[in-house]
*Asks:* 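Let me give you the structure first, and then I'll get to my questions.
Not measured: the values here are computed from a predicted model. Every number for a ligand or one of its atoms is a count from 1 in the order of the listing.
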Amino acid sequence: MNPQITLALSKGRIFDETLPLLKAAGIEVLEDPEKSRKLILATSQPGVRVVIVRASDVPTYVQYGGADLGVTGLDTLIEHSADWGGGAGLYQPLDLRIAKCRVSVAVRADFDYANAVRQGSRLRVATKYVNIAREFFAAKGVHVDLIKLYGSMELAPLTGLADAIVDLVSTGNTLKANHLVEVERIMDISSRLVVNQAALKLKQEPIRRVIDAFAGAVGKG
Ligand code: AMP
């Protein structure tokens, strides 16, 4: 019998956009995580199961072998690697080109960001992405005080908590609805397949088969 392969996914956008790729790869998830409370989901392939974890925990599960493979946003992957020793043991074979968005700097429409940067002002920046933000502003030579938040970043400039935020932007509708404007694009984001390197060695054939199937599915997209 084939060894069991475990794939870590998070609910929401990543799960929804990974499903068609899995299907194209011949793997159907047999339960809907939005309807079931189960955290381990069977698939149409007896040797492959899906575990549902928090988005920011996907790289952790894969790095430490709780899952053999996972799908995670580049944003999450960069933050994880900066916090966890460079993400040692995490192999990134594939850009899945799903859940695309960007990491941007946004401010209140009435805040003169360009002038603040020109004058060398110290900026208060609220974000969940402290490592990405720190590196970006350091490279620009802008002094910042970073305030770590876990959600609702858009609220920070509106309440006076921060001058700027660093957050994911897709359509820009959330910023617009909160009277914020995008003033810098830091990087483009998409979801990546990540693989535990030790698992790849131990279960090379079945894991390679899943990676190749994903690669074929992305190529078709
Ligand atoms: P939008 O209004 O389309 O610009 O989407 C922005 C909101 O959705 C922000 O709250 C983001 O944190 C979130 N968001 C956008 N794209 C993604 C993504 N690919 N993955 C996770 N969250 C996202």
Side-chain angles (χ1 to χ4, degrees), residues 7-22 29 32-34 50-62 67 69-84 87 90 92-109 111 113 124-137 144 146-194 214 217-218 221:
L7 170 68
L9 297 176
S10 52
K11 277 203 261 188
R13 199 172 314 215
I14 286 185
F15 185 85
D16 296 345
E17 296 192 23
T18 301
L19 273 195
L21 291 178
L22 281 172
V29 183
D32 178 355
E34 299 296 345
V50 167
V51 292
I52 300 296
V53 304
R54 241 188 110 115
S56 53
D57 291 337
V58 168
T60 309
Y61 264 81
V62 177
L69 307 103
V71 176
T72 181
L74 180 62
D75 49 318
T76 307
L77 197 52
I78 292 174
E79 289 297 319
H80 172 88
S81 296
D83 288 339
W84 295 81
L90 263 185
Q92 296 174 48
L94 210 54
D95 179 352
L96 298 175
R97 299 191 221 148
I98 57 169
K100 285 188 183 174
C101 58
R102 54 194 183 268
V103 181
S104 292
V105 182
V107 298
R108 271 167 65 143
F111 181 78
Y113 173 79
R124 296 228 299 182
V125 178
T127 186
K128 189 161 118 184
Y129 306 101
V130 286
N131 295 300
I132 293 173
R134 186 182 303 112
E135 191 158 315
F136 174 75
F137 286 110
V144 291
L146 293 171
I147 301 170
K148 167 97 182 184
L149 290 180
Y150 293 88
S152 300
M153 256 85 79
E154 297 83 7
L155 202 53
L158 305 178
T159 54
L161 179 67
D163 303 309
I165 59 171
V166 168
D167 195 9
L168 298 182
V169 179
S170 178
T171 60
N173 290 341
T174 305
L175 293 182
K176 208 177 290 166
N178 290 291
H179 310 289
L180 300 176
V181 290
E182 188 177 6
V183 288
E184 305 248 28
R185 287 182 175 213
I186 300 181
M187 64 174 72
D188 288 330
I189 297 294
S190 57
S191 292
R192 310 298 162 112
L193 186 66
V194 288
F214 263 112
V218 173

*Asks:* Can you sort out which atoms of ligand 1 are near Asn173, meaning under 4.0 Å from one of its heavy atoms?
*Replies:* 2 (O), 4 (O)
*Asks:* Identify the residue among Ile147, Thr127, Leu175 that makes a side-chain contact (heavy atoms from CB on, under 4.5 Å) with Ile165.
*Replies:* Leu175
*Asks:* Return yes when Gly172 approaches ligand 1 closer than 4.0 angstrom through a heavy atom, no otherwise.
*Replies:*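 The answer is yes, since Gly172 has a heavy atom less than 4.0 Å from ligand 1.
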*Asks:* Does the distance from a Lys or Arg side-chain N to an Asp or Glu carboxylate O, for Asp95 and Arg192, drop under 4.0 Å?
*Replies:*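 Yes, this pair counts.
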*Asks:* Ignoring hydrogens and angles, tell me if any N or O in the side chain of Asp32 forms a donor-acceptor pair with the backbone of Glu34 under 3.5 Å.
*Replies:* yes
*Asks:* Pull out every atom of ligand 1 sitting under 4.0 Å from any heavy atom of Val169, numbered as shown with elements.
*Replies:*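 Heavy-atom distances to Val169 below 4.0 Å select 4 (O).
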*Asks:* Considering heavy atoms of the protein only, find what lies nearest to atom 12 (O) of ligand 1 and give residue, atom and distance to 0.1 Å.
*Replies:* Asp167 OD1, 3.4 Å
*Asks:* Against heavy atoms of Ser170, which atoms of ligand 1 measure under 4.0 Å?
*Replies:*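 The atoms of ligand 1 under 4.0 Å from a heavy atom of Ser170 are 1 (P), 3 (O), 4 (O), 5 (O), 15 (C), 16 (N).
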*Asks:* List ligand 1 atoms under 4.0 Å from Cys101, heavy atoms only on the residue side.
*Replies:* 16 (N), 17 (C), 18 (C), 19 (N)
*Asks:* Nearest to atom 16 (N) of ligand 1 by heavy atom, Lys128, Arg13, Lys176: which?
*Replies:* Arg13
*Asks:* If you compare all heavy atoms of Arg97 against all heavy atoms of Ser190, which two are closest, and at what distance to 0.1 Å?
*Replies:* CA-CB, 4.2 Å
*Asks:* Answer whether the closest heavy-atom distance between the side chains of Tyr129 and Asp167 falls below 4.5 Å.
*Replies:* yes
*Asks:* Going by side-chain contact (heavy atoms from CB on, under 4.5 Å), Leu146 matches just one of Val166, Asn131, Val125. Which one?
*Replies:*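 Of all the options given, the one that passes is Val125.
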*Asks:* Ignoring hydrogens and geometry, is there a side-chain-to-backbone donor-acceptor pair from Glu17 to Ala99 under 3.5 Å?
*Replies:* yes
*Asks:* Checking a contact table here: which protein heavy atom is nearest atom 6 (C) of ligand 1, and how many Å away?
*Replies:*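 Among all protein heavy atoms, the one nearest atom 6 (C) of ligand 1 is Thr174 OG1, 3.5 Å.
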*Asks:* For atom 20 (N) of ligand 1, what's the nearest protein heavy-atom neighbour? Residue, atom name and distance, please.
*Replies:* Leu168 CD1, 3.8 Å
*Asks:* Between Glu154 and ligand 1, which part of the residue brings a heavy atom under 4.0 Å of the ligand: side chain, backbone, both or neither?
*Replies:*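 Glu154 to ligand 1: side-chain contact only, backbone stays beyond 4.0 Å.
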*Asks:* Between Arg124 (side chain) and Leu161 (backbone), is there a donor-acceptor pair under 3.5 Å?
*Replies:* yes
*Asks:* Is there at least one pair of N or O atoms, one from Ala99 and one from ligand 1, spaced under 3.5 Å apart?
*Replies:*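 Yes, there is a polar N/O contact under 3.5 Å.
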*Asks:* Quick one: nearest non-hydrogen protein atom to atom 3 (O) of ligand 1, plus distance?
*Replies:* Thr171 OG1, 2.6 Å
